[in-house]
Protein chains: 2
Amino acid sequence: MSRGKLPRPTDAELAILRVLWDRGARTVREVHETLQDGGGYTTVLKTMQIMTEKGLVTRDESQRAHVYSARLPRESTQQQLVTDLVDRVFGGSPARLALQALSTKKTSPEELAELRQLLDSLEKESES
Amino acid sequence: MSRGKLPRPTDAELAILRVLWDRGARTVREVHETLQDGGGYTTVLKTMQIMTEKGLVTRDESQRAHVYSARLPRESTQQQLVTDLVDRVFGGSPARLALQALSTKKTSPEELAELRQLLDSLEKESES
DNA sequence: CTGGAACTACGAAAGGCTTCGTTGACACCT
DNA sequence: AGGTGTCAACGAAGCCTTTCGTAGTTCCAG
């Protein structure tokens, strides 16, 4: 069951994954304390147990307080969710999603530059 | 209940909305026939009734076969979902999402040009 | 008028998510 | 040894989503 594709994380699961990504491996108590709105301790615990079953996280049980880690790096999950959204709502066109995303809020000059760079390399590719 | 923010559509609801956006106002039967994998007729009907309660769609009951329309245009819902994803997984940065989206699949030269144009106008704005 | 087709409405079942109370284990302190 | 605090495990409840069977209505053809 550790093989195969991981399910799309739910909202509560995503909140926990964010903590794990931001701070690295953590115990339930630490995650619970970081999440101000994550519900009670046992709620977080239960969710993390389910996430373990699903393979979304792994845990080290060698200590009394089990230490959990995200199984996939943040980028993989972002990729999964983006692909998902593109397929479900943007007719399979990542560019449409990108356009929609950018036309919303303001973006820093640094990010704009980064995007331009990516755009350049993509255009270069398509020329080849 | 028609006021206030609409809930994020579920996957099944999104499939139905796509039909309504693509083809315009439709009866349950028409939606059901368009969706090859949408389950039985009553499944689609039930879902659309729930969507009506939620305000995701409106219906015209003047005919025997009620005619349903998406309440919000496609773009609004795309916007909602993009904002949602940006907040939940991209730390509030639309540009990060855009980068992730573009680095995945290939994008047509036309779309690249469109993106470049948007980028230009965004940079012009930030200069002002 | 009667039967069947096309509909809507209703309700229930199954599964998933979220929440939490309770229990039991373990460790530490006194 | 007894008490306290920390922890995992379990189970159940409540809610939502998805699915579908059934019942009732309306319309039309014969």
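Note on naming: letters A, B, ... go to the chains in the order of the sequence lines (proteins, then strands), and numbering restarts at 1 for each one.
Distance A:Q49 CD to C:dG16 P: 17 Å, rounded to the nearest Å. Counting to the nearest Å, the C1' atom of C:dT18 and the NZ atom of A:K54 are 11 Å from each other. A straight line from CZ of B:R26 to C1' of C:dC7 spans 18 Å, rounded to a whole angstrom. Computed from coordinates, the A:D11 CG to C:dG16 P distance equals 18 Å when rounded to whole Å. Rounded to an integer number of Å, the gap from A:R59 CZ to D:dC7 P is 15 Å. Rounding to whole angstrom units, CE of residue A:M51 and P of C:dT19 are separated by 13 Å. For B:L45 and D:dA23, the CG to P distance is 17 Å, given to the nearest whole Å. Rounded to an integer number of Å, the gap from CE of A:M48 to P of C:dC20 is 17 Å.
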**Item:** Stepwise salt bridge (charged side-chain N to carboxylate O under 4.0 Å, His left out) test for B:E30 and B:R23
**Value:** CA-CA 10 Å; B:E30 290 168 318; B:R23 315 208 157 193; over 6 Å; no
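The 12-atom threshold is exceeded at CD of B:E33, counting heavy atoms of other residues, nucleotides or ligands nearer than 6.0 Å. For B:Q63, the CD atom is loosely surrounded, since the number of other residues' heavy atoms within 6.0 Å does not exceed 12.
No hydrogens or angles considered: a donor-acceptor pair under 3.5 Å links the side chains of B:Q79 and A:T104. B:Q80 and B:T77 share no side-chain donor-acceptor pair at under 3.5 Å.
Contact annotation: B:R8 does not reach the phosphate of D:dT17 (side-chain N/O to OP1 or OP2, under 4.0 Å). One finds no side-chain N or O of A:Y41 lying less than 4.0 angstrom from the OP1 or OP2 phosphate oxygen of C:dG21. Under 4.0 angstrom from either OP1 or OP2 of C:dT18 there lies no side-chain N or O belonging to A:T43.
As judged by a 4.0 angstrom heavy-atom cut-off over every strand, B:T10 is placed among residues touching the sugar-phosphate backbone only.
The A:R29 side chain lies nearest to D:dC7 when the options are D:dC7, C:dT8, D:dT18. For A:I50, whose side chain is taken as the heavy atoms from C-beta onward, the closest listed nucleotide among D:dA9, D:dT18, C:dT18 is C:dT18. Listed candidates were C:dT18, D:dG5, C:dA9. Nearest to the side chain of A:R64 is D:dG5. For A:K46, the side-chain atoms get nearest to C:dC20 when compared with the rest of D:dT18, C:dC20, D:dT26.
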